[in-house]
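To keep things clear, I will list the structure first and then write my remarks on it.
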Amino acid sequence: MIRLAEIPWVEAAAWCASAKQPVVLVPVGATEAHGPHLPLGTDALLSEELARRVADTLEARGGTVLVAPTVAYAITEYAHGFCGTISLSPATATALVTDICASLIEQGFLRVCLVNSHLEPAHVASLRAAATAVEARTGRKLAFADQTERRWARTLTDEYKRGACHAGSYETSLMLAARPELVRDSRRALPPLPINLAEAMKHGVRTFEEAGAVDAYFGDPAGATIEEGESIYALLVTMVLTTIEETWSS
Ligand SMILES: [Zn+2]
């Protein structure tokens, strides 16, 4: 795996011109409250780890992967009431991702793929809008692996499917697999909060507090394990690889 930010432009140009076109992964996250036990950058860190794991698998198959600098800001309106959360307007969020991806494609990196971990509906919509805008501007498809699509969502954990998928067991397990040193031990004392956030959003709830999460988590952080994190990551790697194959095989 090559990090774009860690090589000089002449090496980037050589990869661009290479017959063996690399896949460029763009990790996308948010800066957003994730309970009292996970860092504000959780979604960005989870996407960076997913990109690393996808790169390992693709490179084991003979491919080359460049990883672009992480997009660590997004629309995060639900967590707005919690300190440290930084939210973009939809127009800024869509333009930011559109410009980054179109810029890469215009320079000759023809296979660009978004790797996302922030699941707020308005954010996912902004990534879809960016994919449409990139294709209109460059004529090239942007790959977007989206775990909120039904075909992927149904492969994920029961807690995820029950809609309690913010800073609960699902994300805490992923963090234990990715960056365990950043998970606070206080998670073990947090009572489960089995609120269906996805359903609450559909019924017009607009903040985590309104949904009943006064500490900015849902689900069961105490039940998280590294093993669960590893098995979720395996599924997410399959999702990204399948999306990459589907996007550029047609
Ligand atoms: Zn998250």
Side-chain angles (χ1 to χ4, degrees), residues 26-53 70-88 93 97 114-127 144-149 152-153 156-180 182-184 186-187 190 192-201 205-209 211-225 228-229 232-233 235-236 239-240:
V26 181
V28 179
T31 302
E32 176 193 48
H34 272 77
H37 62 297
L38 295 180
L40 289 154
T42 290
D43 293 342
L45 296 167
L46 295 185
S47 291
E48 286 169 4
E49 176 69 10
L50 179 53
R52 193 186 64 73
R53 290 176 185 234
T70 302
V71 183
Y73 301 101
I75 303 167
T76 57
E77 284 304 307
Y78 282 87
H80 200 67
F82 298 92
C83 193
T85 299
I86 301 171
S87 189
L88 303 182
V97 174
L114 298 176
V115 176
N116 175 51
S117 300
H118 179 44
L119 306 175
E120 186 163 330
H123 169 69
V124 174
S126 80
L127 296 183
F144 170 29
D146 179 7
Q147 59 271 63
T148 68
E149 270 180 32
W152 303 121
L156 298 173
T157 66
D158 286 345
E159 184 196 78
Y160 182 95
K161 283 183 269 191
R162 286 195 300 267
C165 44
H166 182 83
S169 170
Y170 177 84
E171 285 190 319
T172 305
S173 290
L174 286 172
M175 276 299 285
L176 287 172
R179 299 291 302 274
L182 298 179
V183 180
R184 298 285 186 261
S186 59
R187 76 179 176 95
L190 295 173
L193 205 58
I195 295 170
N196 190 329
L197 173 61
E199 201 58 31
M201 286 172 166
V205 164
R206 295 174 57 171
T207 66
F208 287 161
E209 298 96 316
V214 294
D215 288 320
Y217 78 90
F218 297 81
D220 185 17
T225 62
E228 180 178 80
I232 300 169
Y233 263 124
L235 293 164
L236 295 175
M239 171 188 76
V240 176

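Counting starts at 1 for both ligands and their atoms, in listed order.
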Next item on the list: Step through the shown structure and confirm whether more than 12 heavy atoms of other residues, nucleotides or ligands are within 6.0 Å of OH on Y160.
Entry: yes

Margin query: For a distance under 2.8 Å, tell me if H34 has an N/O/S atom near the Zn ion (ligand 1).
Written below: yes

Notebook entry, point to check: If you measure from the Lys or Arg side-chain nitrogens to the Asp or Glu carboxylate oxygens, is any gap between E49 and R53 under 4.0 Å?
Noted result: yes

Check: So does E171 have any N/O/S atom less than 2.8 Å away from the Zn ion (ligand 1)?
Finding: yes

Note to self: Apply side chain to side chain contact (heavy atoms under 4.5 Å, CB included) to residues T207 and F82 and explain how you reach the verdict.
What the structure shows: CA-CA 10 Å; T207 66; F82 298 92; over 6 Å; no

Check: If you look at D43, which of its N/O/S atoms is nearest to the Zn ion (ligand 1)?
Finding: OD1

Notebook entry, point to check: Quick one: does T85's side chain have a donor or acceptor within less than 3.5 Å of a partner on A33's backbone?
Noted result: yes

